[in-house]
Amino acid sequence: MTGDSVPDALVLSDGATASTDYFLFPYLKQLGHRPTLVDTRGVPGQSLHSGDCRLVVIARYLPSRWRGMLVQWRHQGTRIVYFMDDDLFDLRALQGLPWRYKWKIVSRAVFHRRWLQSLRAELWVSTAHLAEKYAQFRPVLLHPTMSETATKHKGILVCYHGTGSHEREIKWLVPIIERVQARTDHVHFELVGAHAVHKLFRRLPRVSVLHPMSWPNYLSFTSIQKRDLALAPLLPSAFNAARGPTKFFDYSRMGAVGLYSNEPPYRGFIKNGLDGVLLDNDPALWVDALLGLACDHGKRERMAAEIRRRVGELLLTVKR
């Protein structure tokens with residue numbers, strides 16, 4: 001559960017979503033509430049109770065295992081509200097949707113319609129169309145706006161653009177990224193990989209996995225957004241022994257400061273502390289280095305300037 005230490009309104013949701021950030025949190029704060037998010041992907045615990053909360057808002061979906069908790073809260077006199085920002089109560093509106101998405105709506109929304117009515121739950125909606133269609137429930141029409149969370153632009157983007165030949169390195173990075181994410185709330189990771197890589201990281205916050213792409217598409221994609229830090233772990237192997245320092249050039253194009261394994265081809269090529277960071281393959285060292293650079297904007301800028309200077313020198317050498 002996240003939010004103010006003494007909440008007076010709970011928002012039940014599959015984690016933070018557009019619904020919570022554009023509609024519910026701004027509206028609840030406008031009403032003077034101190035809302036907090038309860039992630040319904042977890043199991044309701046005995047320690048979770050409404051306390052001073054007299055309002056519980058269900059955002060779109062509700063797993064069936066949460067019904068008992070809602071009934072308990074309702075018996076305690078808690079006000080229950082259901083919010084929807086799509087037509088989630090009418091099976092006819094689901095025609096043409098993919099069956100998996102349709103089943104999610106049926107099992108977590110349509111299925112609860114009569115039960116919510118029996119709890120005398122209020123209805124909040126996001127559009128005039130929904131307000132008119134479900135007028136018999138006397139819905140409250142909410143208007144979208146920006147929450148404080150949605151307007152924050154802080155953040156450090158860290159990338160690791162490995163290929164299918166870096167399976168060991170990708171698995172090696174999992175606990176490192178997990179520890180960094182547990183200790184920060186502003187570091188974002190971007191990796192490249194197929195479904196197996198997505199499965200490795202999908203439970204971690206602020207991690208994006210991009211589908212592999214062709215070299216021309218990769219060049220184009222990596223030219224449109226700056227990365228702050230970039231990872232180049234390399235575990236000893238016969239195959240890795242023949243690699244070149246190409247990641248330095250990839251990451252320099254993105255404006256990123258690279259963290260490299262203290263192994264060939266980076267040892268002897270990267271000037272440690274100037275145009276990159278050389279690290280032994282000790283996960284604790286990588287966690288500390290990542291956290292340190294993520295919090296030191298000045299050092300990142302100085303190293304990025306040195307990287308640009310060195311790349312410029314290398315280009316002059318080629319022209320000669």
Side-chain angles (χ1 to χ4, degrees), residues 1-4 6-94 97 100-144 147:
M1 200 160 44
T2 61
D4 295 300
V6 186
D8 64 357
L10 303 181
V11 176
L12 309 188
S13 175
D14 289 357
T17 67
S19 300
T20 61
D21 285 352
Y22 290 151
F23 289 96
L24 295 178
F25 274 80
Y27 182 66
L28 289 166
K29 290 179 179 179
Q30 180 185 331
L31 294 178
H33 287 292
R34 300 182 304 279
T36 194
L37 181 72
V38 177
D39 194 331
T40 54
R41 291 171 295 186
V43 178
Q46 294 297 322
S47 60
L48 181 62
H49 56 83
S50 58
D52 294 330
C53 298
R54 309 311 299 166
L55 172 63
V56 174
V57 183
I58 303 163
R60 291 177 61 92
Y61 302 123
L62 183 71
S64 294
R65 62 178 175 270
W66 282 84
R67 277 193 174 197
M69 186 67 74
L70 266 295
V71 170
Q72 179 181 325
W73 283 333
R74 191 69 184 90
H75 287 164
Q76 294 171 355
T78 303
R79 181 180 165 201
I80 306 295
V81 172
Y82 177 74
F83 170 75
M84 64 176 175
D85 52 356
D86 285 311
D87 195 345
L88 305 178
F89 276 173
D90 188 352
L91 286 171
R92 295 169 297 181
L94 308 183
L97 293 178
R100 287 183 183 274
Y101 194 74
K102 187 184 298 185
W103 173 244
K104 181 178 181 180
I105 293 174
V106 170
S107 61
R108 298 192 177 189
V110 177
F111 175 72
H112 299 306
R113 176 173 174 170
R114 292 188 182 277
W115 177 77
L116 287 167
Q117 288 178 259
S118 72
L119 284 185
R120 300 190 302 281
E122 302 171 40
L123 179 65
W124 292 356
V125 297
S126 63
T127 66
H129 171 81
L130 292 172
E132 181 179 351
K133 181 171 181 176
Y134 296 101
Q136 71 271 30
F137 299 114
R138 299 179 182 176
V140 175
L141 176 59
L142 275 58
H143 299 284
S147 68

Exercise. Do you know which two heavy atoms are closest between His112 and Pro63, and how far apart they sit?
Worked result: NE2-C, 4.5 Å
Exercise. Do you know the tightest heavy-atom contact between Ala59 and Ser13?
Worked result: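 The pair with the smallest heavy-atom distance is CB-CB, 3.9 Å.
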Problem set entry | Derivation of the ring pair (Phe, Tyr, Trp, His ring centres under 6.0 Å) call for Phe89 and Tyr82 | CA-CA 11 Å; Phe89 276 173; Tyr82 177 74; 5.1 Å; yes
Exercise. Are the side chain of Trp73 and the backbone N or O of Val56 linked by a donor-acceptor pair below 3.5 Å?
Worked result: no
Problem set entry | Derivation of the side-chain contact (heavy atoms from CB on, under 4.5 Å) call for Tyr61 and Ile105 | CA-CA 7 Å; Tyr61 302 123; Ile105 293 174; 3.8 Å; yes
So do the side chains of [X] and [Y] get within less than 4.5 Å of each other, counting heavy atoms only?
X	Y	answer
Ile58	Leu116	yes
Leu24	Trp124	yes
Val81	Val140	no

Exercise. When you look at Val57 and Tyr27, which way does the side-chain contact (heavy atoms from CB on, under 4.5 Å) test go after all the steps?
Worked result: CA-CA 12 Å; Val57 183; Tyr27 182 66; over 6 Å; no
For this session: Step through the shown structure and confirm whether more than 12 heavy atoms of other residues, nucleotides or ligands are within 6.0 Å of CH2 on Trp103.
Result: no
For this session: For atom CD of Glu132, decide whether the heavy atoms of other residues, nucleotides or ligands shown that lie under 6.0 angstrom number more than 12.
Result: no
Problem set entry | Basic-acidic side-chain contact under 4.0 Å: Asp86, Arg60 |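 Salt bridge between Asp86 and Arg60, a charged N being under 4.0 Å from a carboxylate O: yes.
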